[in-house]
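Sequence lines set the chain letters: A, B, ... in the order given, protein chains first and strands last, and positions in each chain run from 1. No hydrogens, no waters, no symmetry mates; every other heavy atom, side chains included, goes into these values. All of these numbers come straight from a predicted model, not from anything done at the bench.
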Amino acid sequence: MFKIISRDKESKARSGVLTTAHGDIPTPIFMPVGTAGTVKGILQRDLTDDINAKIILGNTYHLYLRPGTEILKTAGGLHKFMAWDRPLLTDSGGYQVFSLTGNRKLTAEGAIFKSHIDGSRHIFTPENTVDIQRIIGADIIMAFDECAPWPCDYNYAKESVALTHQWLDRAVERFTSTEPLWGYEQFLFPIVQGGTFDDLRRISAEKIASVGLMGNAIGGLSVGEPAEDMYRIIDIVNEILPDDKPRYLMGVGTPSNLLEAIDRGIDMFDCVMPTRNGRNGMLFTGEGTINIRNRKWIDDFSPIDTDTPSIVSNTYSKAYLRHLVMAGENLGAQIASIHNLAFYLKLVGDARKKIEEGNFRPWKEQMVKVLSVRL
RNA sequence: GGGGAGAUACCAAAGCGGCCAACUGGGGCAGACUGUAAAUCUGCUGGCGAAUGCCUUCGUAGGUUCGAAUCCUGCUCUCCCCA
């Protein structure tokens, strides 16, 4: 269940708490991506004790291929398998239908795809992705959708929305006719699609709202379209999605994207950016964004970022982190990932605080300026 | 003392008469990354220039040739084998 705690007066921003079987999630929240049952390079202990991540993601496609549902079932679900007792959310594999273009074929039945690991053939359907996510046992599971590419023409987007809606009905049917395997409740979130076409987004949002699930997601954004298009679509969709349910903007995004979306009434985010870009040397800090590989940091012995409350951000210097990253040392990727996630978690935590204090807008505007700085 | 091999850009290493400012790695410099087929990918890496381009380079000094990193000679240095 979802409870709104407070609302900002100048914007659509709100703070709330989403209660799941594995704990409460304060919103707005950012969810670190842990595709294959691991937030790459980071111990679960650091996610809880240092970063204080409230919920992380897993991915149906990756976990289904490896280790496979048999092992996950024997393990007792993903929580037990990966020794994570906080909330989990799994994506349905819909994004892989998008990103593995060329390795898959869409039919009315579902998506036939080839494994990127061994080339073997598989099919995902709205039904079996619910079944798999029942086995994985995430607290929040996603309906199987088609994440259409950008740019894409109107007719393609229209058919894609229609397909996603048909799939949603079937997923809901399977979801409501089956029980959780592990004795606790799971929530199914449906996903709004429609590309950058306002009318398709309206149609899709109305459909998704009408299903009346515990929370709703917006997909198919930040796939290459200009940020203004994304913000416009969020405005349109959030006007229609129920206000008393959490809204999850999938795959977004940059720190500025998060703030702009929170401003427009989004409550949940996930993105690979803090981890992937961190591994590749990009650091988000309270003073701006830095590329730690740049020579200028070679003898900067100041802490990575004293504004970010992670142990690594305050313990290790930029010069040291640069050395690790340049030397290709594992620890560099680890420190950068932990730091960036801590930065993201602090950002959404601050947003929540500012909403409750009633000064979200001015703070947001100030932050967006800082975030655009390249050091 | 005798015999042999070799000296190429920051490092390693190709090239053995013109297509060479010089393959390829590494290193260096910069960029990209948004529900993770990514600890990945891209560009640049002698000087000047926006650029056609111009200038200086392949141990060193000469020579042969229309033309040399590539062929010849002297010198310097390095490595290996034999005594």
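Among the heavy atoms of the strands lying under 4.0 Å from A/Asp145 is at least one base atom, whether or not backbone atoms are also near. Backbone-only engagement by A/Asp270 is indicated by non-hydrogen atom pairs under 4.0 Å involving sugar-phosphate atoms exclusively. Within the nucleic acid shown, A/Leu57 comes within 4.0 Å of sugar-phosphate atoms alone, with no base atom in reach, counting heavy atoms only. A/Ser337 comes within contact range of no nucleotide atom at all, as no heavy-atom separation falls under 4.0 Å. Within 4.0 Å of A/Arg374, counting heavy atoms only, lie sugar-phosphate atoms of the nucleic acid but no base atom. Heavy atoms of A/Gly220 sit under 4.0 angstrom from at least one base atom. Using a 4.0 Å heavy-atom distance criterion, A/Glu225 is classed as making no nucleic acid contact.
Taking the P atom of each, B/C29 and B/G67 are spaced 43 Å apart, rounded to whole Å. Rounded to whole Å, the separation between the P atoms of B/A7 and B/A12 comes to 12 Å. Only the C1' atoms considered, B/G63 is 15 Å distant from B/U70, to the nearest whole Å. Nucleotides B/C54 and B/C20, compared at atom P, are 16 Å apart to the nearest Å. Nucleotides B/C16 and B/U24 are separated by 16 Å at their P atoms, to the nearest Å. Spacing between B/C55 and B/G31 at atom C1', rounded to whole Å, works out to 30 Å. Separation of the P atoms belonging to B/U8 and B/G43 is 28 Å when rounded to the nearest angstrom. Using P as the reference atom, B/C81 and B/A9 are 26 Å apart when rounded to the nearest Å.
Between A/Ile298 and A/Val272, the residue anchored closer to the 5' end of RNA chain B is A/Ile298, taking for each the nucleotide with the nearest heavy atom. Looking at which nucleotide of RNA chain B each of A/Phe98 and A/Asn330 is closest to, the 5′-most match is held by A/Phe98.
At whole-Å resolution of the value, CD1 in A/Ile290 and C1' in B/A30 are 15 Å apart. The CG atom of A/Asn59 sits 11 Å away from the P atom of B/G35 (whole-angstrom rounding). When the P atom of B/U34 is taken as reference, atom OH of A/Tyr231 falls 15 Å away, rounded to whole Å. Residue A/His62 contributes atom NE2, which lies 7 Å from atom C1' of B/A37 at whole-angstrom precision. Here B/G35 presents its P atom at 21 Å from CG of A/Leu188, a figure rounded to the nearest Å. Spacing between atom CZ of A/Arg295 and atom P of B/C29 amounts to 5 Å, rounded to whole angstrom units. Distance OH (A/Tyr95) to C1' (B/C33): 10 Å, rounded to an integer number of Å. Distance CE (A/Met282) to P (B/A30): 15 Å, rounded to an integer number of Å.
The base-pairing partner of B/A61, taking Watson-Crick or G-U wobble contacts with both distances under 3.5 Å, is B/U73. Pairing partner, B/A5: B/U78, with both Watson-Crick or wobble hydrogen-bond distances short of 3.5 Å. As the counterpart of B/C10, B/G26 is assigned, both hydrogen-bonding distances of the Watson-Crick or G-U wobble pattern falling under 3.5 Å. Using the Watson-Crick or G-U wobble rule with both distances under 3.5 Å, B/A32 pairs with B/U40.
Remark: aromatic rings of A/Tyr316 and A/His339 are distant, center separation not under 6.0 Å. Checked against a 6.0 Å centroid threshold, the rings of A/Tyr344 and A/Phe269 do not count as neighbours. Aromatic ring centres of A/Tyr61 and A/His122: separated by at least 6.0 Å.
By the 4.0 Å N-to-carboxylate-O rule, A/Asp169 lies close enough to A/Lys207 to be salt-bridged with it. Salt-bridge formation is not detected for the pair A/Glu365/A/Lys369: no Lys NZ or Arg NE/NH1/NH2 atom is positioned less than 4.0 Å from an Asp or Glu carboxylate oxygen. In this structure, A/Lys364 pairs ionically with A/Glu260, as a charged nitrogen and a carboxylate oxygen lie closer than 4.0 Å.
You'll find the side chain of A/Phe187 stays beyond 4.5 Å of the side chain of A/Leu89, heavy atoms only. No side-chain heavy atom of A/Val211 sits under 4.5 Å from any side-chain heavy atom of A/Asn216.
The phosphate of B/A37 (OP1 or OP2) has a side-chain N or O of A/Ser99 nearer than 4.0 angstrom. The side chain of A/Arg293 contributes no N or O atom lying less than 4.0 Å from OP1 or OP2 of B/U40. For B/U36, one of the phosphate oxygens OP1 or OP2 lies less than 4.0 angstrom from a side-chain nitrogen or oxygen of A/Thr35. Not one side-chain nitrogen or oxygen of A/Gln334 sits closer than 4.0 Å to the OP1 or OP2 atom of B/A39. Listed pair A/Asn280 / B/A32 fails the phosphate criterion, with no side-chain N or O lying under 4.0 Å from OP1 or OP2. At B/G35, none of the side-chain N or O atoms of A/Gln96 fall inside 4.0 Å of OP1 or OP2 (strictly under the cut-off).
Within residues 319-327 of chain A, the residues having any heavy atom under 4.0 Å from RNA chain B are, by residue number, A/Arg322, A/Met326. Using a 4.0 Å cut-off on heavy atoms, the residues of residues 247-265 of chain A that approach RNA chain B are A/Met250, A/Gly251, A/Val252, A/Gly253, A/Thr254, A/Asn257, listed by number.
The glycosidic torsion of B/A13 lies more than 90° away from 0, which places this base in the anti conformation.
Between A/Tyr184 and A/His79, the ring-plane angle classifies as perpendicular under the 30° and 60° cut-offs.
Shown here is A/Asp199, whose CG atom has more than 12 heavy atoms of other residues, nucleotides or ligands within 6.0 Å. Environment of CD in A/Glu10: crowded, with over 12 heavy atoms of neighbouring residues, nucleotides or ligands closer than 6.0 Å. Other residues, nucleotides and ligands place more than 12 heavy atoms under 6.0 Å from the CD atom of A/Glu357.
Each of B/A38, B/A30, B/G35 was ranked by its minimum atom distance to the side chain of A/His116; first place goes to B/A38.
Distance alone, capped at 3.5 Å, is enough to place a donor-acceptor pair between the A/Lys245 side chain and the A/Leu213 backbone.
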